[in-house]
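These numbers come from a predicted model, not from an experiment. Atom set for the values below is all heavy atoms of this structure, side chains included, hydrogens, waters and symmetry mates excluded.
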Amino acid sequence: MTLLLRQQPVASDLRKVSTSLEIVEDIRRIGDFAADMADILQHMESSRFTQDSLHTDIVEMAANARRMVTRSILAFRTLDSQLAQEVIDYDDVVDKEFLSIRSALAQHIAAQTEAVDYALDYLMIIKYLERLGDHAVSIAQWVGFCITGVHKAQRIV
């Protein structure tokens, strides 16, 4: 706020400052989700699913969500609108993985009632991963705003 009051930035600089403020909030939420996942994993015993393809799917989903976050931050650092758009488009991959794994977890619960606790823990983790992707998309959308002054098809500055 001091920067804004003292320097009175022009439109492009103001976009950079406001974009940074918005992205900080997304990164804070990403950190919260990462901490929540770490807490769940810390309290889980060796999972019955670790030898299952489901475990591999969750690891792949995590890698994809991480890729989205990393690339969205890189898009901001370099103000690369093409990279930002790639992040936005890639969200469909993580969303599909979420739906697929959620369905598989429901089948595990139905087939192995003793594995309900593990399945619910995994369900929380994949939901957090899906939300990580959503926040990466938000960062990418703010990159677009920083470059053009348009956010979600609405001119702001």
Side chain to side chain, Ile126 and Leu105, heavy atoms closer than 4.5 Å:
yes
For the CZ atom of Arg131 and the CE atom of Met37, what is their distance to the nearest 0.5 Å?
12.0 Å
Verify same cluster id: Tyr128, Leu99 (apolar side-chain graph, 4.5 Å)
yes
Heavy-atom side-chain proximity of Ile139 to Val87 below 4.5 angstrom:
no
So CG of Asp95 and OG of Ser100: to nearest 0.5 Å the spacing works out to 12.5 Å
Please find the pair of heavy atoms, one from Ala140 and one from Ala84, that lie closest to each other, and give the distance.
CB-O, 3.3 Å
So do the side chains of Thr19 and Val143 get within less than 4.5 Å of each other, counting heavy atoms only?
no
Honestly curious: do Leu54 and Met124 fall in one hydrophobic cluster under the side-chain, below-4.5 Å linking rule?
yes
Under 4.0 Å between a side-chain nitrogen and a carboxylate oxygen: does that hold for Arg29 and Asp26?
no
Lys16, NZ: over 12 other non-hydrogen atoms inside 6.0 angstrom
no
Do the non-hydrogen side-chain atoms of Leu41 and Ile125 ever get within less than 4.5 Å of each other?
yes
Looking at CD1 of Ile23 and CD1 of Ile73, how far apart are the two atoms once the value is rounded to the nearest 0.5 Å?
8.5 Å
Using 30° and 60° as the class limits, which term best fits the ring planes of His55 and Tyr122: parallel, tilted or perpendicular?
perpendicular
Take Val94 and Leu129 through the test side-chain contact (heavy atoms from CB on, under 4.5 Å) and record every step on the way to the result.
CA-CA 8 Å; Val94 173; Leu129 292 172; 5.5 Å; no
If you define the side chain from C-beta out and look only at heavy atoms, does anything of Asp57 sit under 4.5 Å from Glu97?
no
With sequence neighbours left out, what residues match Tyr90 under ring pair (Phe, Tyr, Trp, His ring centres under 6.0 Å)?
none
For a 4.5 angstrom cut-off between non-hydrogen side-chain atoms, does Glu130 reach Lys127?
yes
Heavy-atom side-chain proximity of Ser20 to Phe76 below 4.5 angstrom:
yes
Could you go through the ring-ring contact (aromatic ring centres under 6.0 Å, His included) check for His135 and Phe33 one step at a time?
CA-CA 10 Å; His135 283 284; Phe33 292 138; 5.7 Å; yes
Once you round to the nearest 0.5 Å, how far does CZ of Arg15 lie from CD of Glu22?
14.5 Å
Compare all side-chain heavy atoms of Val93 with those of Met68 and state whether any distance is below 4.5 angstrom.
no
Is there a continuous path of hydrophobic side-chain contacts, each under 4.5 Å between heavy atoms, that joins Leu74 to Phe145?
no
Leu83 and Leu79: same hydrophobic cluster, using ILVMFWY side-chain contacts below 4.5 Å?
no
For Val69, does its backbone N or O pair with a side-chain atom of Ser72 as donor and acceptor, under 3.5 Å?
yes
Are Lys96 and Asp92 within salt-bridge range, i.e. N to O under 4.0 Å?
no
Same apolar cluster (I L V M F W Y, side chains within < 4.5 Å links), Leu132/Ile27
yes
Value for CD (Gln141) from CD (Gln85), rounded to nearest 0.5 Å, stands at 9.0 Å
